[in-house]
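Notes follow once the structure below has been shown.
Below, chain A is the first sequence line, B the second, and so on; all start at residue 1. Not measured: the values here are computed from a predicted model.
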There are 2 protein chains.
Amino acid sequence: MEFKEAKNKFVQTWGALGSQWGINKTMAQIHALLMISNEPVSMEDIMEELQISRGNASMNLRALMDWGIVYKEFKAGERKEFFTAEKDLDELAVKISRERSKREIKPALKILKEVSTIEANESAEEKHFVDQTSKLYDFVLKADNMLDKMTEFNENWLGKLVIKMMK
Amino acid sequence: MEFKEAKNKFVQTWGALGSQWGINKTMAQIHALLMISNEPVSMEDIMEELQISRGNASMNLRALMDWGIVYKEFKAGERKEFFTAEKDLDELAVKISRERSKREIKPALKILKEVSTIEANESAEEKHFVDQTSKLYDFVLKADNMLDKMTEFNENWLGKLVIKMMK
DNA sequence: TTAAACTTTCAAAAATAATTGAAAGTTTGT
DNA sequence: ACAAACTTTCAATTATTTTTGAAAGTTTAA
């Protein structure tokens with residue numbers, strides 16, 4: 001396989017993976033492109049490479065910056081903006097989990113808390129509802145915390161310990 | 001908040017959370033409904049509760065069973081089928097991660113392997129591509145393994161240890 | 001202050017994904 | 001073998017999400 005083909009395959013794959021996990025395909029593709037680029041890329045180049053419109057590029061770059069995983073750069077003497085991706089994968093994982101936790105998990109937890117604390121009457125149906133949603137609340141809270149704490153420890157003893165013990 | 005309202009809120013929330021993570025909304029809603037139900041539910045009832053068509057209910061129940069998180073049940077004397085959800089949350093997490101790994105992560109890893117092993121020429125561009133995709137391969141492989149191993153240990157010393165140390 | 005070189009916005013259009021419903025398929029009892 | 005009671009399938013429709021592109025906005029340089 002030659003470079004151009006591999007590059008394209010990677011961008012497509014990363015885009016597909018994004019879609020499957022609820023991330024807009026183009027957003028994931030732009031991210032892929034920037035991750036494998038050894039130097040800052042202009043919006044123009046992104047549009048050209050991915051064959052997308054200026055508006056699309058602009059909006060998705062903005063989204064990536066909001067996620068904190070893509071940065072704007074300026075080149076001396078150049079008027080236009082360039083972009084680079086966070087290339088440290090541990091850092092990337094931390095940012096993605098933080099953001100998804102904040103935007104999706106935390107709000108869901110809030111609702112879970114609300115619905116699990118209603119006054120259940122005597123019926124088995126209502127009792128089961130309260131019981132199950134309470135368990136779900138605890139579980140999601142625990143998972144959310146674990147992910148948060150785990151990503152804090154980049155590449156250190158913990159990860160290695162866990163891997164070792166599990167092998 | 002009264003029961004009916006809470007129930008509805010939970011089903012809606014679970015559906016929305018599903019969407020955000022790449023799971024069809026109705027599929028997540030059916031799952032939510034079954035999780036909080038203390039007894040098996042018929043397709044008829046699901047259609048009624050969620051106001052969806054028979055075809056929709058049938059297809060999404062099939063998908064949930066393919067995931068291994070919803071089971072068919074038969075009631076003595078009844079011709080029609082009933083459904084129940086896996087209610088053990090550790091078990092649920094194991095099944096979901098296994099399935100997503102198998103369907104999405106593993107195929108992506110295969111491609112990552114392919115593209116990261118091309119023969120790069122001397123250019124910084126190609127070298128960086130190989131370097132970055134190799135790192136990504138290692139990272140995703142590690143994360144996939146970790147998730148797999150972690151979910152194997154349901155609620156045992158490891159999880160507790162990790163939690164404790166991180167707090 | 002003007003205009004060139006850019007970026008952002010957002011209503012409309014296009015693409016994609018989910019849903020419907022009726023026909024086809026299956027199973028069970030008589 | 002028949003038919004009642006169900007479930008599944010899938011082409012067509014509908015809903016949702018994404019993308020476009022042109023107008024509006026911004027910044028910089030002269």
Q. Can a donor-acceptor pair be found between the side chains of E125(A) and N38(B) at a distance below 3.5 Å?
A. no
Q | Ring-face cation of R100(A) near W21(B) (centre distance under 6.0 Å, axis angle within 45°) | A | yes
Q: Not counting sequence neighbours, which residues clear side-chain hydrogen bond (donor to acceptor under 3.5 Å, both in side chains) with E5(B)? List them please.
A: none
Q: Flag yes if M59(B) and W67(B) sit in one hydrophobic cluster, no otherwise; membership is Ile, Leu, Val, Met, Phe, Trp, Tyr, and two members link when side-chain heavy atoms are under 4.5 Å apart.
A: no
Q) In whole angstrom, what separates L64(A)'s CG from dT7(C)'s P? A) 16 Å
Q | Nearest-angstrom distance from the residue atom CD of E44(B) to P of dA5(D) | A | 13 Å
(Q) Could you tell me how far apart L50(B) (CG) and dT20(C) (P) are, to the nearest whole angstrom? (A) 10 Å
Q. In dot-bracket notation, what is the pairing pattern of DNA chain D, taking Watson-Crick (N1-N3 plus N6-O4 or O6-N4) and G-U wobble (N1-O2 and O6-N3) contacts under 3.5 Å, with [ ] crossing and | for other strands?
A. ||||||||||||||||||||||||||||||
Q.
Within residues 30-42 of chain A, which residues have any heavy atom lying less than 4.0 Å from an atom of DNA chain C?
A. none
Q | Phosphate-side-chain proximity, K72(A) and dT8(C), N/O vs OP1/OP2 below 4.0 Å | A | yes
Q. Do the two ring centres, one from Y71(A) and one from F83(A), sit under 6.0 Å apart?
A. no
(Q) Does any part of the side chain of V41(B), heavy atoms only, come nearer than 4.5 Å to the side chain of L34(B), both counted from C-beta? (A) yes
Q) To the nearest Å, how far apart are L61(A) CG and dT8(C) P? A) 8 Å
Q. Nearest 0.5 Å, what's the CE-NE2 distance between M35(B) and H128(A)?
A. 9.5 Å
Q: Could you state the atom-to-atom distance from CZ of F74(B) to C1' of dT26(C) in whole Å?
A: 12 Å
(Q) In this structure, is the centre-to-centre distance between the rings of F82(A) and F74(A) below 6.0 Å? (A) no
Under 3.5 Å, N/O pairs linking protein and nucleotides 14-19 of chain D:
residue, atom, partner, partner atom, Å
dT19(D), OP1, T26(A), OG1, 2.5
dT19(D), OP2, N24(A), OD1, 3.3
dT19(D), OP2, N24(A), ND2, 3.3
dT19(D), OP2, T26(A), OG1, 3.2
dT19(D), OP2, N56(A), OD1, 3.4
dT19(D), O5', N56(A), ND2, 3.3

Q.
Any side-chain N or O of R54(B) below 4.0 angstrom from OP1/OP2 of dT8(D)?
A. no
Q. Do T26(B) and N60(B) get their side chains close enough for a donor-acceptor pair, meaning under 3.5 Å?
A. no
**Q.** H31(A) side chain reached by W14(A) side chain, heavy atoms, under 4.5 Å
**A.** yes
When you compare the protein's N or O atoms with those of nucleotides 28-30 of chain C, which come within less than 3.5 Å of each other, and at what distance?
residue, atom, partner, partner atom, Å
dT28(C), O2, R79(B), NH2, 3.1

Q. Got a sec, which residues hit side-chain hydrogen bond (donor to acceptor under 3.5 Å, both in side chains) with S42(A), two or more places apart in sequence or on another chain?
A. D45(A)
**Q.** Side chains of I52(B) and I30(B) in contact at under 4.5 Å (non-hydrogen atoms)
**A.** yes
